[in-house]
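Structure first, commentary second.
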Protein chains: 2
Amino acid sequence: MLEQLTERQRKVYLFIRDLIHNRGYGPTVREIGEEFEIASPNGVMCHLRALERKGLIRRSKREARAIELLGDTGPESLEGLPLAGRVAAGVMHEAIEQDKRIDFTSLFQRPGCFVLEISGDSMIEAQIADGDFAVVDPNRKAVSGDIVVAQTDEGNATMKYWFPEKDHVRLQPANSTMEPMYVRDVQALGVVVGVVRRMS
Amino acid sequence: MLEQLTERQRKVYLFIRDLIHNRGYGPTVREIGEEFEIASPNGVMCHLRALERKGLIRRSKREARAIELLGDTGPESLEGLPLAGRVAAGVMHEAIEQDKRIDFTSLFQRPGCFVLEISGDSMIEAQIADGDFAVVDPNRKAVSGDIVVAQTDEGNATMKYWFPEKDHVRLQPANSTMEPMYVRDVQALGVVVGVVRRMS
DNA sequence: TATACTTAAGAACAGATGTGCGTCGTCGTG
DNA sequence: CACGACGACGCACATCTGTTCTTAAGTATA
């Protein structure tokens, strides 16, 4: 991504990036000029425009230090947990391979996602138990068979299987002792994309 | 560290923190005022002074958005997903409270922990399904009833309930169609402390 | 009850800041 | 040579922004 930049633009970008990471907030136009001995603010503007045009940064108009880094996953750190392998079928690896890692947070970190704590056993047969945390993606259209968080017009929210039928929606619990709900005015607040359980 | 803050100060701090981490740059004094409906910039200054005095932030004088977060170990600590509330029992909160967050990675980040991918349905009645990820803590002594990853002397690893009995251990699957194993030479590689499932 | 702290309004000001206009020089390309 | 890019200067302007001062209500503390 940085290849299409000129050398000067690259250095400016790296300067901004380092400042944001190390100092916590970005530079002003004139601060950049000071660093690179560019006397005119407009000289810097030229670079910022180029960086924005090439998709490396985003800026808010007329706002101080409002430089947002795009496509920047932050300082590389070994986050997550080591992924050891598969169990119950094969042989354990003697040593845990440290190079394969899994980061649960980034696994679910999509814009808008949020977490709900599950209450009750209505989804028990879908392996979602009381006390589990469900990751919900509100930016996703529910399709038939999805597990969704649905909200009826009374304001009650509930987690069920989502089955649109004719002029209503069947909200089916994953619990054979419970009956499905048939509702007309209902919306899916989001689709359940993950489940996290903490034991101990 | 946040205990010595008033409720108002805490919320202001969290607002700043979230903005820096999600948007990439911090707010101006008046932006904070807008968020909390504080009409006067000085009302906000008051909070910023308090936060600086209590050591949560550092500011550069007379510089826009020059708020530096202190005692913040970087993006990893502020990652996580907003925790919205409980579902299936009550009413959804209209707005998701941004200040309550849950970070799955740090939730399980204990020294030595590792992750295994589950294969098979032997623990299905414990709501652990094929393809799930199990977080295993090897530094924890298994007690009767724990779900453990057990390794027999042949080198096979398997996930089962752990029931020590007399001169052997009963390894009980959570699947009524399967039979328990009775083994003598077995050790628990670790106790399952978490389960993570990714759907979609 | 008196004191201190927190929270906030309103007004005013100096300086910081982003932005636009015009101009200029250099370099590589056709 | 002309042309377009990149890089930069200088200037000017409108806001944005931090800051300070004064006042004041509410709350907790001693």
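A note on names: the letters A, B, ... follow the listed sequences, proteins ahead of strands, and every chain is numbered from 1. Below, all heavy atoms of this structure are taken into account, side chains as well, without hydrogens, waters or symmetry copies.
Distance B:K11 NZ to C:dT6 P: 18 Å, rounded to the nearest Å. Distance, A:R10 CZ to D:dG7 P: 13 Å, rounded to whole Å. Rounded to an integer number of Å, the gap from CE of A:M45 to C1' of C:dG20 is 8 Å. Spacing between atom CD1 of A:I32 and atom C1' of C:dA16 amounts to 15 Å, rounded to whole angstrom units. One can place CD of B:E35 at 13 Å from P of C:dA8, the figure rounded to the nearest angstrom. At whole-Å resolution of the value, CD in A:Q9 and P in D:dC6 are 7 Å apart. Counting to the nearest Å, the P atom of D:dG7 and the CG atom of A:L48 are 12 Å from each other. Separating the CZ atom of B:R49 from the P atom of C:dC5 is a distance of 14 Å, rounded to the nearest angstrom.
Residues A:A39 and A:R30 each lie close to DNA chain D; by heavy-atom proximity, the contact nearer the 5' end of the strand is made by A:A39. Comparing A:E63 and B:F36 by the nucleotide of DNA chain C whose heavy atom lies nearest to each, the residue mapping closer to the 5' end is B:F36. Taking for each of A:I38 and A:A50 the nucleotide of DNA chain D with the nearest heavy atom, the 5'-most of the two is the partner of A:A50. Sequence order on DNA chain C of the closest nucleotides to A:P27 and B:C46 puts B:C46 first from the 5' end.
In this structure, A:E31 reaches neither bases nor backbone, as no heavy-atom distance under 4.0 Å exists between it and the strands shown.
At least one side-chain nitrogen or oxygen of B:R53 sits closer than 4.0 Å to the OP1 or OP2 atom of C:dT6. A sub-4.0 Å separation between OP1 or OP2 of C:dA8 and a side-chain N or O of B:R8 is present. For D:dC6, neither phosphate oxygen OP1 nor OP2 lies less than 4.0 angstrom from any side-chain nitrogen or oxygen of A:H47. Proximity of A:R65 to the phosphate of C:dT17: a side-chain N or O atom is located under 4.0 Å from OP1 or OP2. For C:dT19, one of the phosphate oxygens OP1 or OP2 lies less than 4.0 angstrom from a side-chain nitrogen or oxygen of A:R59. A close approach under 4.0 Å does not occur between any side-chain nitrogen or oxygen of B:T6 and OP1 or OP2 of C:dC5.
B:N42 and B:S40 form no side-chain donor-acceptor contact under 3.5 Å, judged by distance and modelled atom types alone. Side chains of B:Y25 and A:S60: a donor on one and an acceptor on the other come within 3.5 Å.
Counting heavy atoms from C-beta outward, A:L48 and A:I16 have side chains that approach closer than 4.5 Å. Side-chain contact between A:R30 and A:V44 is absent, with no heavy atoms from C-beta onward closer than 4.5 Å.
For a distance-only test at 3.5 Å, the side chain of A:N42 fails to qualify as a donor-acceptor partner of the base of D:dG7.
Considering only the side chain of A:V29, C:dG18 comes nearest among C:dG18, D:dG18, C:dG10.
Looking at A:R170 and A:E165, a side-chain N of the basic residue comes within less than 4.0 Å of a carboxylate O on the acidic one, giving a salt bridge. Salt bridge B:E31/B:R23: present, at least one basic N to carboxylate O contact under 4.0 Å.
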